Amino acid sequence: MADGILIKAATVLTFPQGFTGEADIKVKGGLIQKIGRGLRAESYEVLDASGCIVAPGLVEMHAHLREPGMEYKEDVGSGSRAAACGGYSAVFCMPNTDPSIDNSSVAEYVFDRGEDEGLCMVLPHGAVTQGRQGQALAPMGEMGTCRAHVKGFSDDGSPVADSEIMRRAMEYARTFDALIISHSEEPSLSADGQMNEGYYSTFLGLRGIPPESERIGVFRDICLAEKTGAHLHLAHLSTAGSVELVRDAKKRGLPVTCEVATHHFSLDDSSLMGYDTNLKMNPPLRSKADVAALLEALADGTIDVIATDHAPHAPHEKETEFDRAEFGCVGLETALGLVITRLVGEGVLTMEDAISKMTVAPARLMKMERWGYLPAVEEGLPANLVVFDPEQVWTVDPTAFKSRSRNTPYAGWSLRGKVKHTIFRGALVVKDGQLTSGRDAVLSQVKNRGGNGQKQSQLNR
Ligand code: DOR
Ligand code: ZN
């Protein structure tokens, strides 16, 4: 086995500096050992990265990994493999599992499963209410102090419909500096809806979900964040009205952040004309005007984070009548390509800003420094890195996905920007776009170093 990894001639993208030029990077013992020019190391595995960018491993703030209980769609293993191939080093997963992640035992179980797989960090968000039933608060404090150190709480998949419960959840979360991650929606307006309400829903004869459903939910949640002082993070925003409310909230200095999912800026409701159930999500794909507003909000910084809302479903749950199909699409393996093609390629964001919304921004919101996780390419830091070719054009082939599910709307799409290598805790887990047996290397480092495989000095930084 090689003594370490030598990445040759990569263009380094780190934060807060941005692009710092071309360099070689030596990785050894889980850490970025040296960054410089003309580095040599005979006994190291050499990766030619000329023409490629090396950046901190991506951080996913919003994925559904389905374990426990719905492993036929995905589990922590298949989700970790999909994430590593997508360039991710950390994935926060939503608690709408069965049983839901609403107590410390389930949270620790999911966290430990991620450590066992050893391909990326798997960090559970906890439910706001017990069983995600919206009735009684879940033991958030207990989840916050358990081994999984849950910081984000969400009933995602459903809104917390009862405003009093949401208010109490925010008051509680505030006391231990946790985030409430809101799936904002007014259920009475979106009940039984299948797609965005508008011209296309009328044309297709499908019941609509009006944009006001999300906007009213966002307005309520911002009001409650203002009242309680809790950090509110709005998940998967899809409408012009919602981002306008966030823009205003930020101007007023409220503790509000938000994310967009890759499908909401890549697609609009006109694409539903073929009744493809892979285009059915909640919130639904919106109008072209909404997509334009999301792009503007990405560009002006109103939208902090780019997430995937990776939502795997089995064939029998998608290959059915539109109104019976489940909501959601997979996203971990197409996110970087969509971001580079649609946002960087079309001049919406610079590469630095785009990657920052997929690394530094979610890491900061989730306070990942408490794990010793610092999204930067710097000597002495744990080596969690993605190497990608920003120019390579590739065709999305769902049969090649590592996810257990294939429900993607992008089959056959040509995307620019391809993950080549992913390094997690110093081990090469993806090489030339394929999984390696790097997991074993990660596990031996974890064993040798204990805990998260990081130096104590880093944990204290
Ligand atoms: O499209 C979606 N899929 N939206 C959600 O809110 C839930 C998610 C899922 O869990 O499948
Ligand atoms: Zn979700």
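Position 1 is the first residue of the sequence, and the numbers go up from there. Bear in mind that the values here come from a model prediction, so they are computed numbers and not experimental data. Worth knowing before you read on, the calculation uses all heavy atoms, side chains too, and leaves out hydrogens, waters and symmetry mates. Counting starts at 1 for both ligands and their atoms, following the listed order.
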**Those residues that, when tested against Asn96, pass side chain to side chain donor-acceptor pair (under 3.5 Å) (two or more places apart)** = His64
**Prompt:** Are the charged groups of Lys288 and Asp268 less than 4.0 angstrom apart, N to O?
**Reply:** yes
**Prompt:** Hey, are Lys73 and Glu67 close enough for a salt bridge, meaning a charged N less than 4.0 Å from a carboxylate O?
**Reply:** no
**Prompt:** Quick one: does ligand 1 sit under 4.0 Å from the side chain of Lys73, the backbone, both or neither, non-hydrogen atoms only?
**Reply:** neither
**Request:** Find all atoms of ligand 1 within a distance of less than 4.0 Å from any non-hydrogen atom belonging to Gly328, and give their numbers and elements.
**Result:** 1 (O), 2 (C), 3 (N)
**Message:** Check contact between Met70 and ligand 1, using heavy atoms of the residue and a distance below 4.0 angstrom.
**Reply:** no
**Residue and atom name of the nearest protein heavy atom (relative to atom 4 (N) of ligand 1), distance in Å to one decimal** = Asn282 O, 2.6 Å
**Which of the ligand 1 atoms, numbered from 1, are nearer than 4.0 Å to a heavy atom of His64** = 8 (C), 10 (O)
**Message:** Could you tell me if the side chain of Glu259 sits less than 4.5 Å from the side chain of Leu237, heavy atoms only?
**Reply:** no
**Message:** Could you check whether Glu391 pairs with Arg416 (Lys NZ or Arg NE/NH1/NH2 to Asp/Glu carboxylate O, under 4.0 Å)?
**Reply:** yes
**Asked** Considering residues at least two apart in sequence or located in another chain, which fulfil the side chain to side chain donor-acceptor pair (under 3.5 Å) criterion with Arg174?
**Response** none
**Item:** Asp75 and Arg404 ion-paired at < 4.0 Å
**Value:** yes
**Protein N/O/S neighbour count - the Zn ion (ligand 2), strictly under 2.8 Å** = 4
**Item:** Electrostatic pair Asp98:Arg132 at N-O distance under 4.0 angstrom
**Value:** no
**Request:** Before accepting this row, confirm whether a basic side-chain N of the pair Glu186/Arg215 lies closer than 4.0 Å to the acidic partner's carboxylate O.
**Result:** no
**Complete:** Sorted by chain and number, sequence neighbours left out, salt bridge (Lys or Arg N to Asp or Glu O under 4.0 Å) with Glu108 holds for Arg147
**Request:** Within a distance under 4.0 Å of any heavy atom of Met281, pick out the atoms of ligand 1 and give their elements.
**Result:** 1 (O)
**Asked** Under 3.5 Å between some N or O of ligand 1 and some N or O of Phe327?
**Response** yes
**Asked** Does His313 approach ligand 1 within less than 4.0 angstrom via side chain, backbone, both or neither, non-hydrogen atoms only?
**Response** side chain
**Message:** Just to confirm my output: which protein heavy-atom neighbour is closest to atom 7 (C) of ligand 1, and how far is it?
**Reply:** Gly157 CA, 3.8 Å
**Item:** Atoms of ligand 1, numbered as shown, that sit under 4.0 Å from any heavy atom of His183
**Value:** 6 (O)
**Item:** Criterion side chain to side chain donor-acceptor pair (under 3.5 Å) on Glu74 and Ser403, from CA distance to verdict
**Value:** CA-CA 7 Å; Glu74 190 83 288; Ser403 170; 2.8 Å; yes
**Prompt:** In terms of residue, atom name and distance, what is the protein heavy atom nearest to atom 11 (O) of ligand 1?
**Reply:** Arg66 NH2, 2.8 Å
